[in-house]
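All ligand and atom numbering here is 1-based and tracks the order in the structure. Note that this is a predicted model, so its numbers are computed, not measured.
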Amino acid sequence: MAAEPLRIALAGLGTVGGGVIRLLTANGALIARRAGRPIEIVAVSARDRGKDRGVDLSRFAWEDDLALLAQRDDVDIVVELIGGSDGPALALARRTLGLGKGLVTANKAMIAHHGMELAGAAESANAPLKFEAAVAGGIPVIKGLREGAAANALTRIYGILNGTCNYILSTMEDTGRDFADVLKEAQALGYAEADPAFDIEGTDAAHKLAILAAIGFGAGVAFDQVEVDGITRIRAADIARAQALGYVIRLIGMAECEEGGTRMFQRVQPCLVPRSHPLAAVDGATNAVVAEGNFSGRLLFQGAGAGDGPTASAVVADLIDIARGDAGPPFSVPVAELEPLAAADGATRTGRAYLRFIVADRPGVLAEITAAMRDAGVSIESLIQQGQAAEGGEVLVAMVTHEGPERAVAHALELLRESPSLARPPLVLRLID
Ligand code: NAP
Ligand code: HSE
């Protein structure tokens, strides 16, 4: 007798939803063999029924009402591909798990904000909740941490977690093109969030980092603890300065388990990465995640971080797991046993920094900046001042510090805060060595 299909409802028919339909259509037979049974879309929903999506929807029932979509008797699993931390996506997720049905989602914002609640509901209902596509697109990094690295205590997880930012930074570096122009291209390619501010301000990478840290460290999701800075203040001149110094600029998310596993540090910010580092070669919408385990050593996961095909691949991998009967706690450890970790104090950290100032082009300005560095105890390794500006113009001064406390750099900037010589707030990027 043929095995019963796993019957799914698809909510959201945009970039990822369209990709899921195309993937299940193209690879249906091999997926059925690997899953042990067919995976069939039964019903779909989106806002606009009349929109041409380039896929044949006539095979599926259409539901305008998301609550009715979840309630259908012929639906086993709901796949949420709408997006947004709250609103219709969260209502659908709660409804689905409340009905005791499984949920697959690519929605990192929702998991970062409500993951604990939803995982608790899934565990109570004994229903699967899976979100591989929420982190790093097509890379099976959640599976890698939950399963492949499950025997290890992880101490650090870091990497490139946002395809849009990486596409912008690496394209600007390769072509010298303008930020806004490259962002538009990333949107057209389906990499960006519906509101791209989530990408370029670092929030999307922070959502993903908080999810990875929770899984990797056995901690509760602590999105509010992530220090976040995006790429909006990076100029072509910073990329050129970094190149001249032997670095590239990448948006890096980094989580560390500190003080014997009692505290956690999480930060997303653009960093200078030496050209010889494996992350420096990661370009376009590619993502890469490094996880350091106490027995495995350093693990590197790399692949396409955004776009319809790679993200659909991760969504369908979750469905195959469910079809095979693999459930398990969504965050690897049951919610009740996840240990909330306090935030580590970022000010106690040390490192090297790139500092960039846009200053008035007049005598004494450089002396004022270097005096503030001296008074705060910041040691300067190298300094570049752009050629002379037009009279009354502004010039760019960039410097790299020696290794030292981050709080000393913060103190120097505080000393310069009211200075009339600074035309804009300074930019501080950390160096990864
Ligand atoms: P998208 O292209 O904007 O598609 C969103 C879909 O949701 C659209 O089909 C839209 O309907 C539908 N929708 C919006 N509000 C709705 C509502 N109230 N009721 C029913 N349907 C509604 O977004 P996407 O890029 O596919 O992203 C979907 C999710 O995947 C997001 O959580 C995103 O963060 C995540 N994700 C995306 C990528 C990527 O590369 N794009 C990668 C990983 C994860 P209409 O089409 O009718 O407007
Ligand atoms: N907007 C996200 C990115 C999609 O650019 O990485 C993948 O999560």
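At a threshold of 4.0 Å, the pair E193-K108 counts as salt-bridged, since one of the basic side-chain nitrogens sits closer than that to a carboxylate oxygen. R250 has a carboxylate O that lies under 4.0 Å from a charged side-chain N of E173, or vice versa, which qualifies the two as a salt bridge. Taking a cutoff of 4.0 Å between a charged side-chain nitrogen and a carboxylate oxygen, D229 and R430 do not qualify as a salt bridge. Classification of R72 and D74 as a salt-bridged pair holds, one side-chain N sitting under 4.0 Å from a carboxylate O. Taking the charged nitrogens against the carboxylate oxygens, R349 and E227 have no contact shorter than 4.0 Å, which rules out a salt bridge.
Looking at atom 3 (O) of ligand 1, its nearest protein heavy atom turns out to be A194 CB, 4.5 Å. Annotation: atom 41 (N) of ligand 1 to nearest protein heavy atom, G190 O, 3.0 Å. In terms of protein heavy-atom proximity, atom 17 (C) of ligand 1 is nearest to R47 CG, 3.8 Å. Annotation: atom 4 (O) of ligand 1 to nearest protein heavy atom, G14 CA, 3.3 Å. In this structure, the protein non-hydrogen atom closest to atom 2 (O) of ligand 1 is T15 N, 3.0 Å. Nearest non-hydrogen protein atom to atom 30 (O) of ligand 1 is A106 CB, 3.5 Å. Of the protein's heavy atoms, V16 CG2, 3.5 Å lies nearest to atom 37 (C) of ligand 1. Considering only non-hydrogen protein atoms, atom 21 (N) of ligand 1 sits nearest to A46 CA, 3.3 Å.
Which parts of ligand 1 touch E193 is read off a 4.0 Å heavy-atom cut-off, strictly below it: atoms 33 (C), 34 (O). Counting atoms of ligand 1 from 1 in the listed order, those under 4.0 Å from a heavy atom of G83 are 31 (C), 32 (O). Shown in contact with L13 at under 4.0 Å from a heavy atom are these atoms of ligand 1, numbered in order with element: 6 (C), 8 (C), 9 (O). Taking every heavy atom of L66 and a limit of under 4.0 angstrom, the matching atoms of ligand 1 come to 19 (N). Applying the 4.0 Å criterion to heavy atoms of L81 picks out, from ligand 1, the atoms 5 (C), 6 (C), 7 (O), 28 (C). Close approach of ligand 1 to D48 (heavy-atom distance below 4.0 Å) involves ligand atoms 47 (O). If you number the atoms of ligand 1 from 1 as listed, the ones under 4.0 Å from a heavy atom of R53 come out as 9 (O), 45 (P), 46 (O), 47 (O). Less than 4.0 angstrom separates some heavy atom of T311 from each of these atoms of ligand 1: 38 (C), 40 (O), 42 (C), 43 (C), 44 (C).
With a 4.0 Å heavy-atom cut-off, ligand 1 is reached by no atom of D308. Counting heavy atoms closer than 4.0 Å to ligand 1, residue K108 contributes side-chain atoms (C-beta onward) but none from N, CA, C or O.
Under a 4.0 Å heavy-atom criterion, A133 is in contact with ligand 1.
Within a 6.0 Å radius of CG in D65, other residues, nucleotides and ligands contribute more than 12 heavy atoms. Applying the 6.0 Å contact sphere to CZ of R34 captures no more than 12 heavy atoms from other residues, nucleotides or ligands. Residue E339 places its CD atom among 12 or fewer non-hydrogen atoms of other residues, nucleotides or ligands, all under 6.0 Å distant. Environment of CZ in F357: crowded, with over 12 heavy atoms of neighbouring residues, nucleotides or ligands closer than 6.0 Å.
Looking only at side-chain heavy atoms (C-beta outward), R59 and T25 come within less than 4.5 Å of each other. At least one side-chain heavy atom of R235 sits less than 4.5 Å from a side-chain heavy atom of R356.
Scanning for salt bridge (charged side-chain N to carboxylate O under 4.0 Å, His left out) contacts around R298 gives E292, with sequence neighbours left out.
Atom 23 (O) of ligand 1 is not flagged as protein-proximal [any protein heavy atom, distance under 4.0 Å].
Within 4.0 Å of ligand 2, contacts by protein heavy atoms are made from K108, N162, G163, T164, Y191, A192, E193, D199, D204, K208, G305, A306.
Considering every non-hydrogen atom in both A186 and Y167, the closest pair reads CB-CD2, 3.9 Å. Residues S332 and R146 come closest through the heavy atom pair N-NE, 3.7 Å. Across every non-hydrogen atom of A255 and F217, the tightest pair is O-CZ, 3.6 Å.
The distance criterion of under 3.5 Å between nitrogen or oxygen atoms is met by G307 with respect to ligand 1. Below 3.5 Å of separation, one finds no N or O of S45 facing any N or O of ligand 1. For P88, no nitrogen or oxygen atom sits less than 3.5 Å from a nitrogen or oxygen atom of ligand 1, counting backbone and side chain alike.
Using a 30° and 60° split on the angle between ring planes, F223 and H207 fall in the tilted class, from 30° to 60°.
A donor-acceptor contact closer than 3.5 angstrom is absent between the side chains of Y191 and D199.
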